[in-house]
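Take a look at the structure below.
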2 protein chains.
Amino acid sequence: MLRLNRQTDYGIMILTCLVREDDKAMPPRLLSAPEIATASGLALPNVSKILKALVRGGILQSRRGVQGGYQLSRLPADISIQQIITALDGPISMTDCAGEGPEQCDVSSLCPMSANWKYINDKIVETLESITLEQMAIPGGVLAAANNDSDSTRNPEGE
Amino acid sequence: MLRLNRQTDYGIMILTCLVREDDKAMPPRLLSAPEIATASGLALPNVSKILKALVRGGILQSRRGVQGGYQLSRLPADISIQQIITALDGPISMTDCAGEGPEQCDVSSLCPMSANWKYINDKIVETLESITLEQMAIPGGVLAAANNDSDSTRNPEGE
DNA sequence: CAAATCAGGACCAAAGTGGTCCCCTTTTGG
DNA sequence: CCAAAAGGGGACCACTTTGGTCCTGATTTG
Ligand code: FES
Ligand code: FES
């Protein structure tokens, strides 16, 4: 179904929660994992696992110890959905032959699709790179952005 | 990794083989599953399973009995990658909340992402809808088409 | 030093995927 | 009319992946 895994779905949901909390408390403070679990309505162990992965991916900053917690490492407008997906689900790679390195599939000499797969993969990465966490946190935020640029979206008559 | 399953990968490879075979034999004839398995280098049982799914998805036509086999049900230019993926991997749906029907996730009232997910999902479907099997069967076929439309490739300096 | 809090990873149950095989129906042709 | 050639549908199982929990250790505060 070309579905991204549930951790990633949860992760984006958690991050939109953080954006809203940040908006509330103007001096941005650290939120602990239990606080975030409560705010998002998810179980603590799972939230904790996701938060750690987001730190490793550079999306969040953390501080240990008493009064420690998590906060966004950049502005929501500077975090793309693609970066979040990469942090929680690994790099986007539709097929073996679409990956970055020379890890082509075994029949790459016979079949002419490798370059095409890479192109398709790039297009999808571009799409996900163009969506920011800030937009994602607003209902219809992406659609609002698309209205300024609606010419490039649909081509009803085809190329 | 946002990877589509291997059956789908194989399926597209098989279809590109069929396109090339069709080009060779101008009176387009039916190819049997064993012939296709040989041409693609895959195991017969697996190829057979994939071919059946492609028939169900309307991509291929089949005829039973002696001298039976498979052929494309439309021109390669009229078959999109999206249709093939849907036939072999089900409808594209990045998250629960991105699906078509009212099958929203349980927290859809709390979280504002549903409309945004649907938008992102649509963008990806559009991308995959715009790639044809004909392009896919040519090395660099998609890139050649993109050259006529190169304004859409943004971020030249990126990556 | 004790409490709070994150870091890393082990662990297991559940679900999904990949691949093979079997039995049935349809079609051709002797 | 029957045998052989082909596809149709699905069962089946081994393997992998995912989802979720928990434990132990490191760091910070006071
Ligand atoms: S299937 Fe990998 S290069 Fe063609
Ligand atoms: S996570 Fe499903 S609507 Fe928000």
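Because only heavy atoms are used, hydrogens play no part in the values below, and waters and symmetry mates are left out as well, while side chains stay in. Sequence lines set the chain letters: A, B, ... in the order given, protein chains first and strands last, and positions in each chain run from 1.
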A/Asp96/B/Arg6 ion pair, N-O < 4.0 Å:
no
Contact list (N/O, under 3.5 angstrom) for nucleotides 14-16 of chain C vs protein:
none

Could you state the atom-to-atom distance from CD1 of B/Ile14 to C1' of C/dG19 in whole Å?
13 Å
A/Ser40 side chain vs A/Ile36 backbone, donor-acceptor pair below 3.5 Å:
yes
For A/Pro91, does its backbone N or O pair with a side-chain atom of A/Thr86 as donor and acceptor, under 3.5 Å?
no
Consider only side-chain N and O atoms of B/Gln61 and B/Arg74, and report whether a donor and an acceptor are under 3.5 Å apart.
no
Per-nucleotide protein contact string for nucleotides 15-29 of chain D, where B marks a base within reach and S marks sugar-phosphate only (heavy atoms under 4.0 Å, - for neither):
----SBB----BBBB
Spell out, yes or no, whether B/Val19 and B/Leu88 are grouped together once hydrophobic residues are joined by side-chain heavy atoms under 4.5 Å, including indirect joins.
yes
Please state how far atom CD1 in B/Ile50 lies from atom C1' in D/dG9, giving the value in whole angstrom units.
16 Å
Spacing of A/Ile36 atom CD1 relative to C/dT5 atom P, expressed in whole Å:
12 Å
Take the protein atom CG of B/Asp9 and the nucleotide atom P of C/dT17, then report the distance between them rounded to whole Å.
15 Å
Examine D/dG8: is either OP1 or OP2 under 4.0 Å from a nitrogen or oxygen in the side chain of B/Ser62? Give yes or no.
yes
Separation of A/Tyr70 atom OH from C/dA4 atom P, in whole Å?
17 Å
Just the rounded figure in Å: distance from C1' of C/dG19 to CG of B/Leu42.
12 Å
When the distance from CG of A/Leu31 to C1' of C/dA4 is rounded to whole Å, what number comes out?
16 Å
Pick out which of B/Ile59, B/Leu133, B/Leu31, B/Leu54 makes a side-chain contact (heavy atoms from CB on, under 4.5 Å) with B/Leu18.
B/Leu31
Please check if any side-chain donor atom of B/Glu126 sits under 3.5 Å from a side-chain acceptor atom of B/Ser130, or the reverse.
no
Length of the line joining B/Arg3:CZ and C/dT17:P, which is rounded to integer Å
14 Å
With distance as the sole test, does A/Asn116 use its side chain to make a donor-acceptor pair with the main-chain N or O of B/Ile138 at under 3.5 Å?
yes
Partners meeting salt bridge (charged side-chain N to carboxylate O under 4.0 Å, His left out) with A/Glu35 (sequence neighbours left out)
A/Arg29
